[in-house]
Amino acid sequence: MAPNATIFKAALHIADVERHYYEDHTVTLARHPSETDERMMVRLLAFALHAHEALAFGRGLSTEEEPALWQKDLTGAIDLWIEVGQPDDKRMMKASSRSARVSVYSFGLSTSAWWKVIATKITRARNLSVWQVPADQSQALGGLVQRFMQ
């Protein structure tokens, strides 16, 4: 029998002056057994940075057809596709063709090496933003994990 996901709760109080977005969110995070605390917290960071009433977590690492997070409009079209980690160029280009905007949050010690390989392969994607979270900061985020966070 496969191990179950571990559930974490986070209360976020978002005050984004630039977007004029001021809301509270209670987020439930299901951490897949193979997911690290660091990756889960980068997902939470991405949620906080893009907070919106329609932003939702994907079904997780075991579902390749969905991103870590996404935001759909009322018709079901994908407005925002968010990847966490170091996706390959094919996945990013596919996301770019399916969504109005794509954001990738890369983290960890191998981020620079990944970027050197991937940067020239994704130049056609005009709706793609790649953010690199420094390894020391993503590791520090991983150290903040608790079952209930605020």
Side-chain angles (χ1 to χ4, degrees), residues 1-10 12 14 16 18-21 23 25-145 149:
M1 175 180 260
N4 293 331
T6 305
I7 303 300
F8 295 83
K9 301 267 187 183
L12 299 175
I14 308 294
D16 188 335
E18 290 180 15
R19 294 189 304 140
H20 304 288
Y21 186 81
E23 293 292 331
H25 292 271
T26 301
V27 178
T28 300
L29 294 152
R31 189 184 70 202
H32 188 274
S34 66
E35 184 177 34
T36 64
D37 287 343
E38 182 179 15
R39 184 181 188 283
M40 182 185 72
M41 291 301 283
V42 173
R43 281 194 301 135
L44 185 60
L45 172 66
F47 184 94
L49 292 172
H50 295 275
H52 186 276
E53 62 187 19
L55 186 62
F57 290 96
R59 285 187 273 176
L61 292 172
S62 59
T63 308
E64 289 193 23
E65 292 301 313
E66 292 185 8
L69 298 113
W70 56 2
Q71 179 181 322
K72 295 181 181 180
D73 67 15
L74 295 175
T75 68
I78 304 169
D79 284 332
L80 176 61
W81 180 293
I82 300 174
E83 289 288 343
V84 172
Q86 298 171 359
D88 64 23
D89 58 307
K90 291 179 178 106
R91 184 166 177 84
M92 289 192 288
M93 295 307 294
K94 180 179 177 182
S96 178
S97 68
R98 292 181 63 192
S99 177
R101 296 176 295 139
V102 178
S103 288
V104 177
Y105 288 87
S106 178
F107 64 95
L109 296 173
S110 60
T111 296
S112 295
W114 167 79
W115 181 246
K116 285 178 186 174
V117 171
I118 207 87
T120 58
K121 297 179 180 182
I122 58 171
T123 56
R124 294 186 326 265
R126 300 286 179 222
N127 60 344
L128 174 66
S129 299
V130 178
W131 305 95
Q132 296 179 17
V133 181
D136 59 332
Q137 293 179 17
S138 63
Q139 290 168 356
L141 279 174
L144 298 173
V145 171
M149 299 174 277

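Model, not experiment: these values are computed from the prediction. FYI, the numbering just counts along the sequence from 1.
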| field | Ring geometry between Tyr21 and His52 (parallel below 30°, tilted from 30 to 60°, perpendicular above 60°) | value |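 Parallel: the ring planes of His52 and Tyr21 meet at under 30°.
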| message | Parallel, tilted or perpendicular, judged at 30° and 60°: which one describes the rings of Trp70 and Trp81? | response |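 The arrangement is perpendicular - the two ring planes meet at more than 60°.
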| request: Indicate yes or no: at least one non-hydrogen side-chain atom of Glu65 is less than 4.5 angstrom from one of Lys94. | output: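 Touching, per the 4.5 Å side-chain cut-off.
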| So do Arg124 and Met93 actually touch side chain to side chain, heavy atoms under 4.5 Å? |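 With C-beta onward as the side chain, the pair touches.
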To the nearest 0.5 Å, what is the distance between [atom1] on [X] and [atom2] on [Y]?
X      : Y      : atom1 : atom2 : result
Gln132 : Gln86  : CD    : CD    : 9.0 Å
Glu35  : Thr6   : CD    : OG1   : 10.0 Å
Phe8   : Met149 : CZ    : CE    : 6.5 Å
Ser106 : Trp115 : OG    : CH2   : 9.0 Å
Asp88  : Trp114 : CG    : CH2   : 10.0 Å
Ile78  : Gln71  : CD1   : CD    : 11.0 Å

| query | Are any side-chain N or O atoms of Asp89 and backbone N or O atoms of Ile118, one a donor and one an acceptor, separated by less than 3.5 Å? | reply |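 No; judged by distance alone, with no hydrogens or angles, the pair does not exist.
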| Does Ser96 offer a backbone N or O that forms a donor-acceptor pair with the side chain of Ser99 under 3.5 Å? |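 No, because the side chain of Ser99 does not come within donor-acceptor range (under 3.5 Å) of the backbone of Ser96.
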[X] to [Y] - nearest heavy-atom pair and separation:
X      : Y      : result
Met92  : Leu128 : SD-CD2, 4.3 Å
His25  : Ala51  : NE2-CB, 4.0 Å
Ala100 : Asp79  : CB-O, 3.5 Å
Pro33  : Asn4   : CG-O, 3.7 Å
Arg39  : Ala68  : NH2-CB, 4.3 Å
Leu69  : Ala46  : CD1-CB, 3.8 Å

| What residue among Leu29, Leu45, Leu141 forms side chain to side chain contact (heavy atoms under 4.5 Å, CB included) with Met40? |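 Only one option passes, and that is Leu29.
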| query | Counting only heavy atoms not in Leu49, do more than 12 fall under 6.0 Å of its CG? | reply |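 Yes, because the 6.0 Å sphere around CG of Leu49 holds more than 12 heavy atoms from other groups.
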| message | Just checking Trp131: does its CH2 atom have more than 12 heavy atoms from other residues, nucleotides or ligands closer to it than 6.0 angstrom? | response |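 Not more than 12 within 6.0 Å, no.
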| Quick one: side-chain hydrogen bond (donor to acceptor under 3.5 Å, both in side chains) partners of Glu38, sequence neighbours excluded? |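 Glu38 satisfies side-chain hydrogen bond (donor to acceptor under 3.5 Å, both in side chains) with Ser138 only.
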| task | Under the side-chain hydrogen bond (donor to acceptor under 3.5 Å, both in side chains) rule, collect the residues that match up with Thr36, sequence neighbours excluded. | result |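 In terms of side-chain hydrogen bond (donor to acceptor under 3.5 Å, both in side chains), with neighbours along the sequence ignored, Thr36 is linked to no residue.
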| field | CA sep, side-chain torsions, deciding dist, call: Leu55, Ile82, side chain to side chain contact (heavy atoms under 4.5 Å, CB included) | value | CA-CA 10 Å; Leu55 186 62; Ile82 300 174; 4.2 Å; yes
| request: Step by step, work out the side chain to side chain contact (heavy atoms under 4.5 Å, CB included) result for Val84 and Phe107. | output: CA-CA 8 Å; Val84 172; Phe107 64 95; 3.7 Å; yes
| task | Apply the test side chain to side chain contact (heavy atoms under 4.5 Å, CB included) to residues Leu144 and Met41: give CA-CA distance (whole Å), side-chain angles for both, the deciding distance (0.1 Å), then the verdict. | result | CA-CA 8 Å; Leu144 298 173; Met41 291 301 283; 4.3 Å; yes
